[in-house]
Amino acid sequence: AVTAVTSSIYIGDNAQLSSLAGFERLTTLPSLSFADSPALVNFAELSSATRVEGHLQIRRLKGLTSLTGLENVKVITDGLLINNNDQLTDLSGLDGLKLAKTRVEISQNAKLINLSGLDKLATIGTNLIIDDNASLESLHGLEALIDLDGQLYLSQNPKLTDLSALGGITELSELYIHGNSVLVSLTGLEGLLSVDDELEVSSNGLLTDLNALFGLGSVGGDFSLTYN
């Protein structure tokens, strides 16, 4: 079995690959990317890994039903991308993750209902992007997040109604809440004290008030409120 890879691992365009057998002894993963391998349903063979030295990208795995196998990973030294995985309903399997040193993007996962599985994630080094998840109802799973040193971008999540998991966030560089068509309140953002640059709330058709932002003391850039 492989015990070390120093540069990167890319696993893509494998029509029949259903197992990661051979990687069981890896304790530190390099930059790791998965794409277009529809027979992969989980990452069970990676359960010895405690760290990703680089990015973790999981894209277009049409058969992926869980992230099992990644539960012992505590740190990702670059970004996390989970994009266009049709069968994922939550993020169980990332239960040990505490730190992603750059951006986290969760996008275009058609059956994702919430973010359960990120329950220990306390720090994101740059941006958090949650975009175009057709079934996402809440951000449950982000309750431990207290340090988001960048932009929070919530866009085009047509079933999103609940932001209450964001209660630990007190400061952002930018805030964008756009096109979440059934979002009726910003409850969950009561702890937000400052936005260093731009704040935009737009095209959230059922949003009735901004009461949750009453604790916001300063916005360093433009404050845009449109088409709500």
Side-chain angles (χ1 to χ4, degrees), residues 55 57 59 76 78-85 91 99-116 118 121-228:
H55 63 249
Q57 298 182 345
R59 298 174 293 163
I76 300 172
D78 199 338
L80 171 64
L81 171 64
I82 301 175
N83 169 258
N84 201 5
N85 302 287
L91 302 181
L99 167 63
K101 287 193 175 180
T102 66
R103 102 178 187 171
V104 172
E105 178 179 335
I106 313 294
S107 58
Q108 297 180 318
N109 301 286
K111 294 184 179 179
L112 190 69
I113 297 171
N114 59 51
L115 305 182
S116 177
L118 294 179
L121 182 61
T123 302
I124 297 174
T126 60
N127 302 334
L128 174 59
I129 298 168
I130 301 173
D131 179 47
D132 195 17
N133 299 285
S135 301
L136 188 70
E137 298 174 359
S138 84
L139 303 183
H140 171 62
L142 291 179
E143 286 83 357
L145 185 63
I146 56 173
D147 186 5
L148 176 55
D149 192 17
Q151 173 194 105
L152 174 60
Y153 185 88
L154 304 174
S155 178
Q156 304 292 345
N157 301 289
K159 293 188 177 180
L160 183 63
T161 61
D162 183 1
L163 307 185
S164 61
L166 299 176
I169 295 175
T170 60
E171 183 178 358
L172 294 168
S173 66
E174 297 176 331
L175 174 61
Y176 296 95
I177 302 174
H178 170 77
N180 303 288
S181 54
V182 298
L183 187 67
V184 298
S185 86
L186 302 183
T187 298
L189 291 175
E190 290 88 348
L192 186 63
L193 303 177
S194 65
V195 176
D196 296 337
D197 199 344
E198 185 171 358
L199 189 159
E200 177 182 321
V201 180
S202 62
S203 300
N204 304 286
L206 297 184
L207 189 65
T208 57
D209 63 63
L210 301 179
N211 289 345
L213 296 181
F214 280 1
L216 184 63
S218 65
V219 176
D222 295 335
F223 190 135
S224 176
L225 179 65
T226 57
Y227 301 109
N228 299 288

* Asked: Once you round to the nearest 0.5 Å, how far does CG of Asn180 lie from CG of Asn157?
  -> 5.0 Å
* Can you name the nearest heavy-atom pair linking Asn83 to Gln108, along with the distance? -> ND2-OE1, 3.1 Å
* To do: Give, for atom CG of Leu99 and atom NZ of Lys101, the distance between the pair rounded to the nearest 0.5 Å.
  => 6.0 Å
Can you give each donor-acceptor pair under 3.5 Å made by side-chain atoms of residues 134-141, sequence neighbours left out, with the distance rounded to 0.1 Å?
unit_1 : atom_1 : unit_2 : atom_2 : d
Ser135 : OG     : Ala110 : O      : 2.6
Ser138 : OG     : His140 : N      : 3.1
His140 : ND1    : Glu143 : OE2    : 2.9

* **Reported OG1-to-CD1 distance for the pair Thr170 and Ile146, which is rounded to 0.5 angstrom** => 8.5 Å
* Structure fact -> On a heavy-atom basis, the closest approach of Leu172 and Leu148 is CD2-CD2, 3.4 Å
* To do: Report the C-alpha distance between Ile130 and Leu142 in whole Å, list the side-chain angles of each, state the deciding distance to 0.1 Å, and finish with yes or no for side-chain contact (heavy atoms from CB on, under 4.5 Å).
  => CA-CA 12 Å; Ile130 301 173; Leu142 291 179; 4.2 Å; yes
* Under the 3.5 angstrom rule, does the side chain of Asn109 hit a backbone N or O of Ile82 as a donor-acceptor pair? -> yes
* With Asn211, which residues qualify under side chain to side chain contact (heavy atoms under 4.5 Å, CB included), at least two apart? -> Asp209, Phe214
* To do: Check the pair Ser173, Asp197 against side-chain hydrogen bond (donor to acceptor under 3.5 Å, both in side chains), reporting the backbone distance first and the verdict last.
  => CA-CA 6 Å; Ser173 66; Asp197 199 344; over 6 Å; no
* **Steps toward side-chain contact (heavy atoms from CB on, under 4.5 Å) verdict (Leu186, Leu210)** => CA-CA 6 Å; Leu186 302 183; Leu210 301 179; 3.7 Å; yes
* Asked: Hey, does the side chain of Asp132 reach the backbone of Ser107 with a donor-acceptor pair shorter than 3.5 angstrom?
  -> no
* Is a side-chain N or O of Ser203 found less than 3.5 angstrom from the main chain of Gly179, in a donor-acceptor match? -> no
* Which side-chain hydrogen bond (donor to acceptor under 3.5 Å, both in side chains) pairs, counting each pair once, include a residue from residues 181-191, with sequence neighbours left out? -> Ser185-Thr187
* Restricting to pairs with a member in residues 215-228, which pass side-chain hydrogen bond (donor to acceptor under 3.5 Å, both in side chains), not counting sequence neighbours? -> Asn204-Asn228
* Asked: Of all residues at least two apart in sequence or in a different chain, which pass the side-chain hydrogen bond (donor to acceptor under 3.5 Å, both in side chains) check with Lys111?
  -> Gln87
* With Tyr153 via side-chain hydrogen bond (donor to acceptor under 3.5 Å, both in side chains) - residues at least two apart -> none
* **Polar side-chain atom of Asp131 near backbone of Ile106 as donor-acceptor pair, under 3.5 Å** => no
* Qualifying residues under side-chain hydrogen bond (donor to acceptor under 3.5 Å, both in side chains), relative to Asn84, sequence neighbours excluded -> Lys62
Ignoring hydrogens and angles, write down the donor-acceptor pairs under 3.5 Å from the side chains of residues 122-129, residues two or more places apart or on other chains.
unit_1 : atom_1 : unit_2 : atom_2 : d
Thr126 : OG1    : Arg103 : N      : 3.0
Asn127 : OD1    : Gln151 : N      : 2.7

* Asked: Between His178 and Ser155, is any side-chain donor less than 3.5 angstrom from a side-chain acceptor?
  -> no
* To do: For the pair Glu171 and Asp196, evaluate side-chain contact (heavy atoms from CB on, under 4.5 Å) and give the outcome as yes or no after the intermediate values.
  => CA-CA 8 Å; Glu171 183 178 358; Asp196 296 337; 3.4 Å; yes
* CG/Asn133 to CG/Leu160 distance, rounded to the nearest 0.5 angstrom? -> 9.0 Å
* Structure fact -> Residue set satisfying side chain to side chain contact (heavy atoms under 4.5 Å, CB included) with Ser164, at least two apart, ordered chain then number -> Asp162
* Asked: Are Leu207 and Val184 close enough that some pair of their side-chain heavy atoms sits under 4.5 Å apart?
  -> no
* Asked: Would a 4.5 Å heavy-atom cut-off, applied to side chains only, mark Tyr176 and Glu198 as touching?
  -> yes
* Any side-chain heavy atom of Leu183 sitting closer than 4.5 Å to one from Leu163? -> yes
* **Test log, rule side-chain contact (heavy atoms from CB on, under 4.5 Å), inputs Leu189 and Ile177** => CA-CA 12 Å; Leu189 291 175; Ile177 302 174; 3.9 Å; yes
* To do: Mind checking side chain to side chain contact (heavy atoms under 4.5 Å, CB included) for Val182 and listing every partner two or more places apart, or none if nothing turns up?
  => Thr161, Leu206
